[in-house]
Amino acid sequence: MRDPLSAATDAFTSFLFGKVETTRLPVRTSTGQAQAVYLPTAAPGLGDSGVIIGREVYSGKGYIYDPFQLYGQQLPAPHWLVLGESGNGKSALEKTYVLRQLRFRDRQVVVLDAQGEDGVGEWNLIAQELGITPIRLDPTAALDMGIRLNPLDPSITTTGQLALLRTIIEVAMGHGLDERSGFALKVAHAYVNETIVERQPVLTDIVEQLRHPEPESAEAMNVAIDDVRAWGLDVALVLDRLVDGDLRGMFDGPTTVGIDLDAPLIVFDLSHIDRNSIAMPILMAIVGVWLEHTWIRPDRKKRIFLVEEAWHIINSPFVAQLFQRLLKFGRRLGLSFVAVVHHLSDVVDGAAAKEAAAILKMASTRTIYAQKADEARSTGRVLGLPRWAVEIIPTLTPGIAVWDVNGNVQVVKHLITETERPLVFTDRAMTESSTDLVSDDALRAAELEAEERAAAFMEQHLGDLDGSAESTVA
């Protein structure tokens, strides 16, 4: 009951100025109907089937992503590009994504782990937790009966072997093979495959044949035997590096017995290889083609091929061409390729700009963590991001990223469970795990501050958002 004085005051005010408020009865409704009130910030989700990533920052709802569930409906291709400066959460996202995908029985993951400290790769802890031994490619260990992958493994088709040999040579030389060198390699490879049947052919056999070609090789082209030997000399010198040079021991023998290609997670530890040397793209090419012919099979399994430091692939025309074929081939057999790159400028302005554009076009999912303003503008221009997304990228804090899933652009906070945290944030992964240096309270405060700043930014630029995201608003 209202007191008499308040009632008299309201009556007098209404008499002088008219009634300024109306009393409405409350309306009971469902959240499904009431959500229409929040149209400007309630962008459509990607469905409710797949892997939970975290939550959408502006609406607070859960964000679920799975390329295998979305392929053919919302995604033309299942491939994914992850970008961002070090220390913003790329590594944490990759690891939790893989761990959550492995909860499904029909998933298999291969990781090319190019980073690490203390003599092991960054994925070593996760591999140990799952009871898996990483395939560590190490030139020094290879000399002591370490892991070997044979480019001439009989499980690789003859055509695949020759393509792989050409790629190794072209990457090392920095240019394509001319017709004469290509012919010398072709006849040496054909002779080795025809004559060596009691064991696996190896690179030493190819080098020996290039140095001492058979007379039949010269007669077939009606040239002198000395000419064929001269044509193959540069090729032999390049391959000799894998046989008797700084990369010896890893590829100059039969494939190591016991590599489990049926394991749910396969980690190739490349952390012992200098990431800035020519060895890294050569390794990526060999591992990529070897997996294409030994791991990818029409068995209804969904496969994820995650490559860290992927600019070694995209920035080399010859390796990029191999992986471009792998990506096209993989879509038919359920392969999702995940490329992790620090800067898009590392590849779009490089020697393989054409090949890089083709691979980027195949990546229908793009996740962009914090970048500097100029880098964000360049990234937005190449990927076709809306202006509001480009402007917000430099303001993002660790763990928050812009997700572009075939034009559906949202800002997502990646969430990590307490069970995952010890596996994701390790002392060895400082460059990608800076959040483990602060307390949980400080981390939560930083997250709230970032979300409030992002919400204020969106409110200020609401007009721009309505125009840019018209096609993505429910």
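We number each residue from 1, following the sequence as shown. All figures in this text were calculated on a predicted structure; none of them were measured in a lab.
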Candidate pair L322 and M284, rule side chain to side chain contact (heavy atoms under 4.5 Å, CB included), full reasoning: CA-CA 10 Å; L322 275 177; M284 296 249 180; over 6 Å; no
Value rounded to 0.5 Å, distance of CG in L415 from OG1 in T96: 9.5 Å
Within this structure, what is the CG-OG1 distance for the pair N124 and T133, rounded to the nearest 0.5 Å? 9.0 Å
Test log, rule side chain to side chain contact (heavy atoms under 4.5 Å, CB included), inputs W123 and I132: CA-CA 11 Å; W123 286 75; I132 293 167; over 6 Å; no
Heavy atoms of V402 and A389 approach each other most closely as CG1-CB, 4.1 Å
Between H414 and I416, which heavy-atom pair has the shortest distance, and what is it? CE1-CG1, 3.6 Å
Reported CG-to-OG1 distance for the pair D153 and T255, which is rounded to 0.5 angstrom: 3.5 Å
Which heavy atom in A285 sits nearest to a heavy atom in T167, and how many Å separate them? CB-CG2, 3.8 Å
Are L396 and V411 close enough that some pair of their side-chain heavy atoms sits under 4.5 Å apart? yes
May I ask you to decide if D262's main-chain N or O and Q108's side chain share a donor-acceptor pair within less than 3.5 Å? yes
Derivation of the side chain to side chain contact (heavy atoms under 4.5 Å, CB included) call for Y65 and L70: CA-CA 8 Å; Y65 170 78; L70 299 174; 3.9 Å; yes
Indicate yes or no for a side-chain donor-acceptor contact from Q161 to the backbone of I156 under 3.5 Å, with no hydrogens or angles considered. yes
salt_bridge(R107, D66) N-O dist < 4.0 Å: yes
Under a 4.5 Å cut-off applied to non-hydrogen side-chain atoms, are V202 and V243 in contact? no
Under the 3.5 angstrom rule, does the side chain of Q200 hit a backbone N or O of P154 as a donor-acceptor pair? no
Heavy atoms of R166 and G182 approach each other most closely as NH1-CA, 3.7 Å
D113 side chain vs E122 backbone, donor-acceptor pair below 3.5 Å: yes
Please state whether the rings of F323 and F337 are parallel, tilted or perpendicular, taking 30° and 60° as the class boundaries. tilted
Can you find a pair of side-chain heavy atoms, one from R100 and one from E420, that are under 4.5 Å apart? yes
For the residue pair N406 and P76, establish whether any side-chain heavy-atom pair is separated by less than 4.5 Å. yes
Could you tell me if the ring centre of W80 sits under 6.0 Å from that of Y97? yes
Does R303 reach the main-chain N or O of W295 with its side chain, forming a donor-acceptor pair under 3.5 Å? yes
T379 vs V390 side-chain heavy atoms within contact, under 4.5 Å: no
How about Q101 and I304: do any of their side-chain heavy atoms sit closer than 4.5 Å? yes
Can you tell me if E129 has over 12 outside heavy atoms packed within less than 6.0 Å of its CD? no
Hey, does the side chain of K90 reach the backbone of Y369 with a donor-acceptor pair shorter than 3.5 angstrom? no
From R105 CZ over to L102 CG, what is the distance, rounded to the nearest 0.5 angstrom? 13.5 Å
Is the shortest heavy-atom distance from the side chain of Q371 to the side chain of N88 under 4.5 Å? no
Atom CG in L165, atom CG in L185: separation rounded to 0.5 Å? 5.5 Å
Ignoring hydrogens, what is the shortest heavy-atom contact between S336 and P67? Give both atom names and the distance. OG-CG, 3.8 Å
With side-chain contact (heavy atoms from CB on, under 4.5 Å) as the test, pick out the partner of R136 among V267, V120, L270. V120
Would you say the side chain of V287 lies within less than 4.5 Å of the side chain of I135, judging by non-hydrogen atoms? no
Grab the two heavy atoms, one from G50 and one from F104, that are nearest each other, plus how far apart they are. O-CZ, 3.9 Å
Is there a donor-acceptor pair under 3.5 Å between the side chain of T365 and the backbone N or O of V405? no
Rounded at 0.5 Å granularity, tell me how far NZ in K372 sits from NE2 in H343. 6.5 Å
Please step through side chain to side chain contact (heavy atoms under 4.5 Å, CB included) for the pair L335 and L326, ending with a clear verdict. CA-CA 9 Å; L335 174 69; L326 176 63; 4.2 Å; yes
